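Lettering of chains follows the sequences in order, A, B, ..., and the numbering in each one begins at 1. Keep in mind the model is a prediction, meaning the values are calculated, not measured.
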Amino acid sequence: MSQPVITVSNLKKHFTVYKKQPGLLGSIRSLWHREYETVAAVDDISFTINQGEIVGFIGQNGAGKTTTLKMLSGLLYPTSGSVSVLGYNPWNRKSAFQKQFSLVLGQKNQLWWDLPAIETFLLNQAIYDIPEAQFRKTLNKLVNLLDVKDSIQIQVRKLSLGQRMKCELIAALLHNPKVLFLDEPTIGLDVVMQKTLRDFISEYNREFGATVILTSHYMDDVKELCKRVIMIDHGKKIYDGLLSNIISKYARNKTLSLVFSESVTKKSLTEFGTVKNWNGSSATLLVSRKEATKIAARLLESLPVQDLNIEEAPLEAIIREVFGNKAKSA
Amino acid sequence: MQAFKKYWKIFWRFRKLELMRMMEYRGDFLFWALVSILWTGFNFFFFSLILRVSDTVAGWTADEMYLLLGTFTLLDAFTWTFFYQNMQRYTRHVFTGSLTMLLTKPISTIFLLTTSSNSFNNIFRFLIGCAAIVISLHRMEITPSISSVVLYFFALMAAALFIYAIWFMASTLSFWIEKLDNINEIIPGLRRVMQVPRGVFAGAASVLFTVLLPISLVASVPSEILLQKAETKWVVWLFVSSFLSLLLARKFFYFAIKRYSSVGN
């Protein structure tokens with residue numbers, strides 16, 4: 001049984017934000033009177049993460065994912081609650097702690113814009129006290145894994161987004177961090193590059209036993225990398241468990257795909273479930289998840305079914321529905 | 001000692017990176033170098049006009065005034081070289097949220113904010129400042145003792161640190177006042193106070209600029225050391241106020257960082 005590397009207890013972060021009235025009049029009014037409101041960006045979240053786990057943080061924009069990562073990195077002071085990462089309180093910003101983790105923000109960069117990426121790598125070598133032999137070994141390995149041997153000698157501003165992101169990852173991993181916070185690392189990349197980065201993260205996790213928290217709006221990232229996910233909505237944790245269990249917990253329906261040997265009417269299908277598609281010789285039905293097997297048996301008995309498939313709803317659709325329902329009820 | 005070596009190494013790596021960057025944009029470097037030379041030339045010209053109609057300024061002769069201007073030019077070139085770009089970046093880091101990337105580094109954030117950038121445009125102003133000091137001393141037939149020269153450099157260093165500390169504190173206000181680009185113009189705006197003898201100020205202005213915010217001492221006191229007319233109390237006050245303002249700047253930063261909210265992503 002591996003040890004918890006990250007322990008979060010009753011973590012809260014409230015921000016005071018200024019609410020500006022619309023228009024010029026609102027701007028003028030704001031010169032002497034401003035309305036502020038308190039927003040609970042993270043609202044009483046608790047969880048633990050063990051060594052070597054890759055955990056996906058899922059949530060809509062503004063759900064509190066990045067704020068949580070920033071608190072785990074010691075960048076933001078919490079309103080209340082406690083956090084331990086690798087046995088350290090992140091807000092003490094101990095050098096020994098900072099040498100063991102890395103935060104990659106897909107929308108922020110640390111590379112020197114006007115110079116080749118190798119110059120930032122050399123700077124990080126000095127900042128993180130990486131011995132020369134270890135630096136060369138890790139750099140070669142990362143450069144080969146990400147296939148950027150030629151790119152690291154080119155000015156960063158002249159690189160493509162994908163090449164730049166690969167170099168950002170190298171800069172973040174040169175010191176072999178034990179904990180990685182990845183905030184939308186594949187944002188804006190094409191599907192091929194997304195896949196390359198996913199494979200790389202997976203390989204890094206395997207080779208170094210690193211603990212990874214990943215936030216991404218691309219479900220492919222989460223599906224491919226994370227066995228466990230934590231779902232956050234309006235600052236609150238609404239699910240923490242296996243990705244595969246999300247389906248059993250939240251999916252209400254299954255999809256039955258039917259092919260008929262003779263033409264059937266749409267009306268004859270409505271008694272079994274909701275008809276999503278129908279063209280006489282084939283149809284797609286949405287049926288209650290619990291009743292799916294029984295309904296399939298009844299369909300086989302009463303209609304000229306040539307082929308039948310029972311499918312789970314796509315994960316993306318389930319998650320969309322979960323957050324959609326929460327938004328409506330909020 | 002190990003930590004000092006590390007910081008020293010990183011300091012010079014930053015200088016190397018900036019030098020490489022400057023060479024990427026050499027046209028920009030040459031243009032700004034020319035602008036800074038012209039600016040210094042106009043400054044000397046402006047004071048030469050005053051000295052044509054008045055033999056002294058607050059009791060300082062023309063040659064003494066040129067020594068003061070030379071000292072101010074050295075100090076100004078130094079602060080412009082090391083502080084201006086860094087303080088601009090500091091306020092921008094807070095506003096855009098890119099401070100985040102610095103805060104995760106296992107190294108002093110103040111060090112990163114203070115040393116990561118510099119400009120080389122003012123290198124010629126150093127030479128002009130040095131030339132003005134040497135020529136004016138020669139004209140006055142003053143040969144300063146080694147101890148005066150050493151004390152002069154220590155006083156210049158204290159003056160630079162004092163300017164740094166108040167500039168850094170002003171930039172730290174960006175944690176409260178979100179968009180604070182023009183703070184970087186306020187401190188340079190005080191340069192008018194630095195380049196005249198401290199005796200120019202009387203009454204409340206004297207209390208303000210020599211005691212409460214002793215900005216009028218930064219060029220006057222080192223110059224007075226070379227001219228062998230420095231008053232001990234003002235030399236001591238320059239060193240003490242530099243030390244206190246550095247402590248205050250550091251405390252203010254760590255207080256401010258607690259209310260850092262970064263920005264949305």
Side-chain angles (χ1 to χ4, degrees), chain A residues 13-18 39 41 61-62 65-67 69-77 90-91 93-116 119-120 122-129 155 157 168 171-172 175 177 181 183-184 187 215, chain B residues 2-3 5-26 28-29 85 89 92-112 115-117 175-179 253-265:
Chain A
K13 179 69 187 176
H14 294 177
F15 290 112
T16 305
V17 291
Y18 151 52
V39 175
N61 286 330
K65 308 180 299 287
T66 306
T67 304
L69 289 192
K70 284 180 180 172
M71 284 194 281
L72 296 185
S73 309
L75 298 174
L76 298 180
Y77 282 77
W91 311 301
R93 293 209 187 96
K94 297 269 184 211
S95 177
F97 164 63
Q98 289 172 316
K99 284 182 182 176
Q100 295 185 67
F101 86 93
S102 210
L103 171 70
V104 177
L105 300 169
Q107 302 187 68
K108 299 251 184 319
N109 53 55
Q110 64 163 313
L111 299 171
W112 281 57
W113 190 248
D114 304 306
L115 298 172
E119 300 298 341
T120 306
L122 288 165
L123 180 66
N124 277 8
Q125 181 194 4
I127 289 175
Y128 284 93
D129 295 312
Q155 262 187 334
R157 67 191 176 94
E168 284 287 346
H175 58 289
F181 300 125
D183 189 30
E184 300 186 40
I187 194 162
T215 81
Chain B
Q2 199 65 30
K5 265 188 189 170
K6 172 180 170 171
Y7 279 78
W8 187 246
K9 189 177 165 187
I10 293 168
F11 176 82
W12 286 108
R13 184 159 285 283
F14 279 137
R15 303 293 71 77
K16 189 179 147 194
L17 290 174
E18 280 298 344
L19 193 63
M20 287 161 69
R21 188 149 71 174
M22 181 202 80
M23 287 188 277
E24 291 287 334
Y25 305 108
R26 55 198 174 166
D28 183 65
F29 163 73
Q85 282 187 200
R89 281 189 181 193
R92 217 179 304 140
H93 277 315
V94 176
F95 183 66
T96 61
S98 54
L99 185 66
T100 298
M101 300 314 291
L102 304 187
L103 288 170
T104 59
K105 302 286 181 206
I107 189 170
S108 157
T109 309
I110 294 179
F111 174 80
L112 283 180
T115 64
S116 66
S117 183
F175 285 94
W176 283 268
I177 307 162
E178 283 178 342
K179 195 143 173 61
F253 174 77
Y254 285 111
F255 172 70
I257 205 76
K258 287 191 176 174
R259 58 164 291 126
Y260 178 58
S261 61
S262 190
V263 290
N265 57 324

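A cation-pi arrangement, defined by a distance under 6.0 Å to the six-membered ring centre and an angle within 45 degrees of its axis, is present between R15(B) and F11(B).
With contacts defined as side-chain heavy-atom distances shorter than 4.5 Å, the pair Q100(A)/P177(A) does not qualify. Using a 4.5 Å cut-off on side-chain heavy atoms (C-beta onward), F255(B) and F175(B) make no contact.
For a residue to count as touching a neighbouring chain, one of its non-hydrogen atoms must lie under 4.5 Å from one of that chain's; by this rule Y128(A) touches chain B with backbone and side chain alike. For K6(B), the part lying under 4.5 angstrom from a heavy atom of chain A is the side chain only. The part of F101(A) that comes within reach of chain B is its side chain, from C-beta onward, which places non-hydrogen atoms under 4.5 angstrom from that chain. Contact annotation for L115(A): only side-chain heavy atoms (C-beta onward) come within less than 4.5 Å of a heavy atom of chain B. Using a 4.5 Å cut-off between heavy atoms, M101(B) touches chain A through its side chain atoms alone.
Among L105(A), L122(A), L103(A), the residue making the largest number of heavy-atom pairs under 4.5 Å with chain B is L122(A). Interface check for chain B: of the options T120(A), N109(A), D129(A), T67(A), the most heavy-atom pairs under 4.5 Å are formed by D129(A).
Checked by atom type, the side-chain pair N124(A)/Q110(A) shows a donor-acceptor distance below 3.5 Å.
The CZ atom of F29(B) sits 5.0 Å away from the CE atom of M22(B) when rounded to the nearest 0.5 Å.
Using a 4.0 Å cut-off between charged nitrogen and carboxylate oxygen, E18(B) and R21(B) count as a salt-bridge pair.
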